[in-house]
Amino acid sequence: MAQHPSAASTGRIDKRAAILDAAFQVFARDGYANAAVDVIAAAAGVAKPTVYNHFTDKQTLFREALAADAERVLGRNLAVVQRLSDGRGELRARLEDLGVRLIECYADDRSVAVRRLLCAEASTFPEIHSEIREQTGERVVAALADRFAHLVLDGTLRECDPAQAAEQFEALLAGPMEHRSRSGSRKVPAAARRAIAKAAADTFIRAYAR
């Protein structure tokens with residue numbers, strides 16, 4: 001019996017997703033140069049030619065695997081930023097909660113792996129670093145700027161450049177996390193992450209609250 005077209009399409013999508021997931025894990029573990037396509041194929045449960053049917057070469061696979069994982073990271077971050085728009089609770093508490101949740105995204109194993117891969121392969125693929133940065137970091141800051149713009153309009157924050165305020169809030173979180181985690185090489189305890197978020201909220205409030 002012939003396979004239904006929609007079933008075939010779903011199967012192809014599932015294989016592609018499995019290959020991308022396996023590729024990301026192998027690249028994160030072995031690095032680009034040492035990652036073997038046959039190892040990726042085995043991890044994805046497909047034949048090696050199937051990998052090349054979906055992705056023309058190893059470089060394309062690397063780019064697509066990083067982009068797919070960065071998109072997952074972006075989705076989590078944007079969902080967190082959206083919480084700031086609910087308008088419930090004291091601003092300081094809302095910012096601290098936002099900071100804790102953004103730090104959780106930042107410290108997630110796969111987020112750390114994305115940053116490590118980008119840094120490790122920056123000289124080989126400088127354009128990928130720029131693309132992923134635009135795909136994730138800049139879009140999160142833009143979403144945060146949009147939230148802050150609303151808070152300016154409703155009088156919660158003083159008149160300011162929302163984009164600059166968003167960049168500064170993000171830096172108050174990412175800077176200490178990068179330092180304390182030694183660029184992702186060690187875990188930062190939950191209490192320390194909350195302390196970073198609290199300090200960021202306090203500093204932001206002093207600078208921007210009415």
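The structure presented is a predicted model; accordingly, all values stated were derived computationally and were not measured.
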Closest non-hydrogen atom pair, [X] against [Y]:
X      : Y      : answer
Cys160 : Pro162 : O-CD, 3.1 Å
Arg94  : Gly89  : CD-O, 3.2 Å
Ala201 : Glu96  : CB-N, 3.8 Å
Gly184 : Val112 : O-CG1, 3.6 Å
Ala166 : Val141 : CB-O, 3.5 Å

Tell me which donor-acceptor pairs under 3.5 Å the side chains of residues 32-53 have, and how far apart each pair is, sequence neighbours excluded?
residue: Tyr32; atom: OH; partner: Gln59; partner atom: N; Å: 3.4
residue: Asn53; atom: ND2; partner: Pro49; partner atom: O; Å: 3.4

Tell me, do [X] and [Y] make a side-chain contact under 4.5 Å, heavy atoms counted?
X      : Y      : value
Tyr208 : Gln164 : yes
Phe55  : Ile19  : yes
Arg115 : Glu178 : yes
Phe148 : Leu144 : yes
Arg193 : Val100 : no
Leu66  : Phe27  : no

Same apolar cluster (I L V M F W Y, side chains within < 4.5 Å links), Leu151/Val81: yes
Hydrophobic cluster membership, with links at side-chain heavy-atom distances under 4.5 Å among I/L/V/M/F/W/Y: are Phe169 and Leu74 in one? yes
If you measure from [atom1] on [X] to [atom2] on [Y], what distance do you get to the nearest 0.5 Å?
X      : Y      : atom1 : atom2 : value
Glu170 : Tyr106 : CD    : OH    : 8.0 Å
Ile103 : Ser111 : CD1   : OG    : 12.5 Å
Arg83  : Leu102 : CZ    : CG    : 10.5 Å
Phe204 : Leu98  : CZ    : CG    : 9.5 Å
Leu91  : Leu157 : CG    : CG    : 6.0 Å
Glu104 : Arg194 : CD    : CZ    : 8.0 Å

Just by modelled atom types, is the Ala207 backbone N or O under 3.5 Å from a matching donor or acceptor in the Arg158 side chain? yes
Could you tell me whether the side chain of Arg110 and the main chain of Val73 form a donor-acceptor pair under 3.5 Å? no
Of all pairs that satisfy side-chain hydrogen bond (donor to acceptor under 3.5 Å, both in side chains), the ones with a partner from residues 136-155, not counting sequence neighbours: Asp154-Thr156
Are the charged groups of [X] and [Y] less than 4.0 angstrom apart, N to O?
X      : Y     : value
Asp69  : Arg72 : yes
Arg63  : Asp57 : no
Arg101 : Asp97 : yes

Kindly indicate, with the supporting measurements, whether the criterion salt bridge (Lys or Arg N to Asp or Glu O under 4.0 Å) is fulfilled by Asp202 and Lys198. CA-CA 6 Å; Asp202 287 344; Lys198 183 178 185 304; 3.1 Å; yes
By side-chain hydrogen bond (donor to acceptor under 3.5 Å, both in side chains), which residues pair with Arg76, not counting sequence neighbours? Asp108
